[in-house]
Amino acid sequence: MVERTSRRMRRLLVLGVVAALALAGCGGGTASDTSAVSAPSPQDSKFVYVANLDIITDWDPATSYSNEVIAMQNVYDSLTVYNPVTKRASARLATRWTSTPDGKTWTFTLRDGVKFHSGRPLDANAVKASIERTIRMNEGAAYIWECVDGIAVKDPLTVQFTLKYPAPLDLIASADYAAYIYDTGAAGSGDLAKWFQQGHDAGSGPYTVASWKKGQQNELTLKAFQGYWGGWDGAHYKNVEFLVTPNLNTAYQQLLRGEISYVQRLNPNLYHAAATTAGVRTLQVPSFQNMLVLFNSASGPLKDVRLRQAMQKAIDYDGLIKKLKGAATAANGLVPEGLLGHSSSIAPKQDIPGAIALLQAAGYGPGNKPLQLTLTYAEGDDDEQVLVDQLTTTLAQLNVQVKAQAMQWNAQWELGKSRDETKRQDIFVMYWWPDYADAYSWFLNVFHSADPISFNLTYLNSKALDAQIEKLPSLVATDRAAADKAYFELQKYLIVRQAVVAVPWVSNYQRAYLGNVQGYTDNPAYPNVVFVHELIPGG
C-alpha cells in the first residue's frame, strides 16, 4: 500500500474534490427533439467530450490513475469488461475463461487476430508481458494483481494465471485502472515509460492518439484505429476530441450551440435546464461513489465509541438528500446498490434525542461541558460544504463546537496521515469508489490497518478485522453467498458496533449530451467514461 499512495492521492484529489459538480438525481435518461440545437452532421463523425479539468496526467497504462481514464478506456482494452446489467464480467479481449473449483487457477482464451496500434499481434505472450510490467511497476492501481503468483502462456491464444489465493480474476481483469493490455515492445529499444509520457500510445482499443496539446483547451484528439477487432461497419464516430472547459456555464452554452457532443458534469440548476431543452438529452444515474464521514477512533475525544455514535445520529440524512436537489441518493451501509454486499437494512436515520443521551453519558451535551472537535473536508466541493454546514449547525445546538477546515486534498490527506496523533483531525470527510466493481476496495483501503497510515483515516488497528477483510477476495471467487454475508457483517461491525464511519449518501452522476448522439449508456464501474465506439452518430 505504501508504494501506491501517491497515485491514489491524485485520483481522489482530481476526481473526488470536484465530484459535487458531477452529480444529479437517479433515474433514466430523457430525450427531446434535436431541432433546436445546431448539431454536427453524421458525416463529421466527431464526438466532442467536455471536461472541466485537464485530461491527461499520466500516459503510462501501467501507472495511470487519474482523469485520463476517460480517454484511456477508449485507447486500451482489458481482458474483460464489467456488465452493469448482469453484474458480472463480460468478454472484451478474452472471449471466454474458466477457473478451477478452488479459484486459484484462471485460464483466459483470447480473441484471434487482434492487433495493437503498433501492428504487433495481441497474443498470450503480449498479455503476459503487459500485466507483468504493470505488476513490476507497482504504481497506481497495480495492487489489483497482488493475488497473482504467476502467468503462463499455454498457446498463442491461451494465458493462464496461478493465484496465491482464490480471487475473482475475471472481475479484477475488468478494472477501470491497471487492467489495460498494451504493447510492451512499442518503444523498441527505447525507454517505454518515457515514450508513453511523450503522448504515444501502445493501445489495443478502438482509438489511437492523433494529437495531444498539454495545457490547451483542445487538449486531446483521438482517431479511429482502422485495425480494431471490433470493426467499423455501420455508423461510428471516427474521431474523438476532449476539450477542457472549467466553467460549467460556458460548457453548457457550447452544448446548446452544438459545438460539443457531451458534458461530463453540470450543476443541478444547469442539469434541470438541460432536461427541458429541445435538442439535448439528459441521463441521471446512480454511481458506485459514496460520501464517507470518518471518525478518529484512536485519539482525541472520539476515541469514546459513544461520542462516535452521537456524531452518526446528529447527521440529518434525509435533509441532506433534499438539500442536494437530486445530487445524491440515500445510502444503505458502505456498499452502494449494484455491488455484492449491498443491503437495504443498514439505513441511517437522524436521532437527536439519542445523540443527546450518548453525549450526556460521556459527560458532554446540553448542560455539560462543551465537546470540541476538528473536521477537515475538501475545499471547493459544494456538496461537502452542505454536509459540513448541516452537521456543524446541528452539533452547535448540542453543545458541540466543531472547528471545520476546508483544505486542498494534499494538505487534508497529509494532516490525516500525520504520525503525531495530536495533529490529526477528529472527523475526516471524503469520497470513495472502487477500482473494480466489488466492495473490497472500501474495506481493504479504508478500514484495514496500515502502517504508515494511508487511507485508514479512522485509525482502526485490529488483526481480527484485518483477517476478515483479507478473506473477502477468496469468498467472492468461491462462495458469493458467503461473501455477501461477510460484507454485511463487516458493515454492521464498522457502522453499528464500532461507529467509525457514517455514510450520508451515494453520489449520482448527471449527463447532458446532444440529441443526435445515439446508444449512450453510463457504466458505473468506469467513472465518467464514454465508450465512444459503441455510439451511433445521428442526423
Engineer: Parallel, tilted or perpendicular for F47 and Y262, by the 30°/60° rule?
Structural biologist: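 It falls in the tilted class, 30° to 60°.
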Engineer: How many angstroms lie between atom CD of E241 and atom OG1 of T221, to the nearest 0.5 angstrom?
Structural biologist: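 Output value for this atom pair is 4.5 Å.
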Engineer: With distance as the sole criterion, is a donor-acceptor pair present between the side chains of Q289 and N508 under 3.5 Å?
Structural biologist: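 No - no donor-acceptor pair under 3.5 Å links their side chains.
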Engineer: For atom NZ of K154, is the number of surrounding heavy atoms from other residues, nucleotides or ligands below 6.0 Å larger than 12?
Structural biologist: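 No, not enclosed.
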Engineer: Return the CG to NZ distance between L222 and K238, rounded to the nearest 0.5 Å.
Structural biologist: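 Result: 15.0 Å between the selected atoms.
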Engineer: Under 3.5 Å, is there a donor on one side chain and an acceptor on the other for W505 and D383?
Structural biologist: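 No, because no side-chain N or O of W505 sits under 3.5 Å from a partner of the opposite role on D383.
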Engineer: Tell me yes or no: between the side chains of S344 and N332, is some donor less than 3.5 Å from an acceptor?
Structural biologist: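 Side chains of S344 and N332: no pair found under 3.5 Å.
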Engineer: Please tell me if the side chains of V81 and Y526 come closer than 4.5 Å, counting only heavy atoms from C-beta onward.
Structural biologist: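 SC-SC contact between V81 and Y526 confirmed.
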Engineer: Pairing donors with acceptors under 3.5 angstrom, does anything connect the side chains of N528 and Y49?
Structural biologist: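 The answer is no; no qualifying pair exists.
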Engineer: Mind checking whether D435 and Y440 have side chains closer than 4.5 Å, heavy atoms only?
Structural biologist: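 Of all side-chain heavy-atom pairs linking Y440 with D435, none is under 4.5 Å.
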Engineer: Do side-chain atoms of N516 reach the backbone of G538 as a donor and acceptor pair under 3.5 angstrom?
Structural biologist: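 Yes, because the side chain of N516 sits within donor-acceptor range (under 3.5 Å) of the backbone of G538.
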Engineer: Minimum heavy-atom separation for P166 and A477, please, with both atom names.
Structural biologist: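 Heavy atoms only, the tightest pair is C-CB, 4.0 Å.
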Engineer: Between W59 and Y76, is the ring centroid distance below 6.0 Å?
Structural biologist: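 Distance test on ring centres: not under 6.0 Å, no.
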Engineer: What is the distance from atom CG of N138 to atom CD of E146, rounded to the nearest 0.5 Å?
Structural biologist: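 Reported to 0.5 Å precision, the distance equals 9.0 Å.
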Engineer: For W212 and E219, does a side-chain donor sit closer than 3.5 Å to a side-chain acceptor?
Structural biologist: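 Checked: W212/E219 side chains pair up, N/O donor to acceptor below 3.5 Å.
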Engineer: Could you tell me whether the side chain of T134 and the main chain of A62 form a donor-acceptor pair under 3.5 Å?
Structural biologist: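 Not at all, since once roles are kept as given, no pair shorter than 3.5 Å links the two residues.
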Engineer: Answer yes or no: is there a donor N or O on one side and an acceptor on the other, between the side chain of Y177 and the main chain of S66, under 3.5 Å?
Structural biologist: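 Yes, Y177 side chain to S66 backbone: donor-acceptor pair under 3.5 Å.
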Engineer: For the residue pair E470 / Y165, report whether a side-chain donor-acceptor contact shorter than 3.5 Å exists.
Structural biologist: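 Side chains of Y165 and E470: no pair found under 3.5 Å.
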Engineer: How many angstroms lie between NE2 in H342 and CG in L334, if you round to the nearest 0.5 Å?
Structural biologist: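 So the NE2 of H342 and the CG of L334 are separated by 12.0 Å.
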Engineer: Any idea how H117 and F225 line up, ring-wise: parallel (<30°), tilted (30 to 60°), or perpendicular (>60°)?
Structural biologist: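 Ring orientation of H117 relative to F225: tilted.
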Engineer: Does F116 form a side-chain contact (heavy atoms from CB on, under 4.5 Å) with S204? I'd like the steps, not just the answer.
Structural biologist: CA-CA 5 Å; F116 288 111; S204 49; 4.0 Å; yes
Engineer: Within the 4.5 Å heavy-atom criterion, are V506 and M291 side-chain neighbours or not?
Structural biologist: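 Not touching, per the 4.5 Å side-chain cut-off.
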Engineer: Do other residues, nucleotides or ligands put more than 12 heavy atoms under 6.0 Å from the CD atom of Q160?
Structural biologist: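 Atom CD in Q160 is packed in, count exceeds 12.
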Engineer: Indicate yes or no: at least one non-hydrogen side-chain atom of F531 is less than 4.5 angstrom from one of T521.
Structural biologist: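 They are not in side-chain contact.
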Engineer: Considering only NZ, NE, NH1 and NH2 on the basic side and carboxylate oxygens on the acidic side, decide whether D479 and K471 come within less than 4.0 Å.
Structural biologist: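 Salt bridge flag = no for K471 with D479.
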Engineer: Which pair of heavy atoms, one from V503 and one from N290, lies closest together, and at what distance?
Structural biologist: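 Shortest heavy-atom separation between V503 and N290 comes out as CG1-ND2, 3.9 Å.
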Engineer: Do you know which two heavy atoms are closest between L255 and A512, and how far apart they sit?
Structural biologist: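 L255 and A512 have their closest heavy atoms at CD2-CB, 3.8 Å.
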Engineer: Find out whether W433 and P524 are in side-chain contact, i.e. whether some heavy atom of one side chain is under 4.5 Å from a heavy atom of the other.
Structural biologist: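 Not touching, per the 4.5 Å side-chain cut-off.
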Engineer: Give the C-alpha distance, both sets of side-chain angles, the deciding distance and a yes or no for side-chain contact (heavy atoms from CB on, under 4.5 Å) between F488 and S345.
Structural biologist: CA-CA 9 Å; F488 176 73; S345 63; 3.2 Å; yes
Engineer: Cation-pi between R511 and Y509: NZ/CZ under 6.0 Å from ring centre and within 45° of the ring axis?
Structural biologist: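 Yes, a cation-pi geometry.
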Engineer: Indicate yes or no for a side-chain donor-acceptor contact from H533 to the backbone of G231 under 3.5 Å, with no hydrogens or angles considered.
Structural biologist: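 A pair under 3.5 Å: yes.
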Engineer: Please confirm whether the backbone N or O of L340 pairs with a side-chain atom of D484, one donor and one acceptor, at under 3.5 Å?
Structural biologist: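 Not a single qualifying donor-acceptor pair exists.
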Engineer: Got N239 and Y207 here, is their nearest side-chain heavy-atom distance under 4.5 Å?
Structural biologist: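 The answer is no, as the side chains (C-beta and beyond) never meet within the 4.5 Å cut-off.
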Engineer: Go through the steps for L460 and L494 under the test side-chain contact (heavy atoms from CB on, under 4.5 Å), then give the verdict.
Structural biologist: CA-CA 10 Å; L460 282 173; L494 294 167; 3.6 Å; yes
Engineer: With heavy-atom distances below 4.5 Å as the criterion, would you say the side chains of E68 and T57 are in contact?
Structural biologist: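 Yes, their side chains come closer than 4.5 Å.
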Engineer: Has R111 got a side-chain atom pairing as donor or acceptor with R92's backbone, closer than 3.5 angstrom?
Structural biologist: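 The answer is yes, because a donor-acceptor pair under 3.5 Å joins these two groups.
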Engineer: Without hydrogens or angle criteria, can the side chains of Y487 and S343 be said to hold a donor-acceptor pair below 3.5 Å?
Structural biologist: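 No pair is found: no donor N or O on one side chain lies under 3.5 Å from an acceptor on the other.
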Engineer: With a 3.5 Å distance limit and no angle check, can you tell me whether T105 reaches the backbone of T100 through a side-chain donor-acceptor pair?
Structural biologist: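 Here the side-chain-to-backbone pair does not exist.
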Engineer: Have W432 and N445 got a donor and an acceptor in their side chains that come within less than 3.5 Å?
Structural biologist: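 No.
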Engineer: Pick out which of T208, D183, D201 makes a side-chain hydrogen bond (donor to acceptor under 3.5 Å, both in side chains) with S118.
Structural biologist: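 Among the candidates, only D183 passes.
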Engineer: Nearest heavy-atom pair of A91 and W97: which atoms, and what distance?
Structural biologist: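 The pair with the smallest heavy-atom distance is N-CH2, 3.7 Å.
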Engineer: Only one of L283, V263, V280 clears side-chain contact (heavy atoms from CB on, under 4.5 Å) with Y513; which?
Structural biologist: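 That would be L283.
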Engineer: Measure across W232 and P206 and return the closest heavy-atom pair with its distance rounded to 0.1 Å.
Structural biologist: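 Heavy atoms only, the tightest pair is CZ2-O, 3.1 Å.
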Engineer: Side chains of L339 and D438, heavy atoms from C-beta outward: is any pair under 4.5 Å?
Structural biologist: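 The answer is no; the side chains never approach within 4.5 Å.
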Engineer: Would you say the side chains of T80 and D170 form a donor-acceptor pair under 3.5 Å?
Structural biologist: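 On atom types as modelled, these side chains do not qualify, holding no pair under 3.5 Å.
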Engineer: Would you check if the side chain of Y143 reaches a backbone N or O of E139 as a donor-acceptor pair within less than 3.5 Å?
Structural biologist: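 It does not hold such a pair.
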Engineer: Please step through side-chain contact (heavy atoms from CB on, under 4.5 Å) for the pair Y65 and D58, ending with a clear verdict.
Structural biologist: CA-CA 8 Å; Y65 207 19; D58 184 357; over 6 Å; no
Engineer: Provide the closest heavy-atom pair for Q468 versus L490 in the form atom of the first, atom of the second, distance.
Structural biologist: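 Minimum heavy-atom contact is CB-CD2, 4.0 Å.
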Engineer: Would you say N523's side chain and Y82's backbone share a donor-acceptor pair under 3.5 angstrom?
Structural biologist: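 Pair found, side chain donor or acceptor close to backbone of Y82.
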Engineer: Name the residue from V244, L243, V69, N67 that meets the side-chain contact (heavy atoms from CB on, under 4.5 Å) definition with I55.
Structural biologist: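 Option passing the side-chain contact (heavy atoms from CB on, under 4.5 Å) with I55: V244.
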Engineer: Between CD1 of I172 and CH2 of W106, what distance do you get to the nearest 0.5 Å?
Structural biologist: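 Here the interatomic distance stands at 8.5 Å.
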Engineer: Between the main-chain N or O of S449 and the side-chain N or O of D466, is there a donor-acceptor pair closer than 3.5 Å?
Structural biologist: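 Side chain of D466 to backbone of S449, a donor-acceptor pair under 3.5 Å: yes, one is there.
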Engineer: To the nearest 0.5 angstrom, please state how far the OG atom of S174 sits from the CG atom of D77.
Structural biologist: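 The CG atom of D77 is 12.5 Å from OG of S174, to the nearest 0.5 Å.
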Engineer: Side-chain donor-acceptor pair under 3.5 Å between Y182 and D60, yes or no?
Structural biologist: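 There is no such pair between these side chains.
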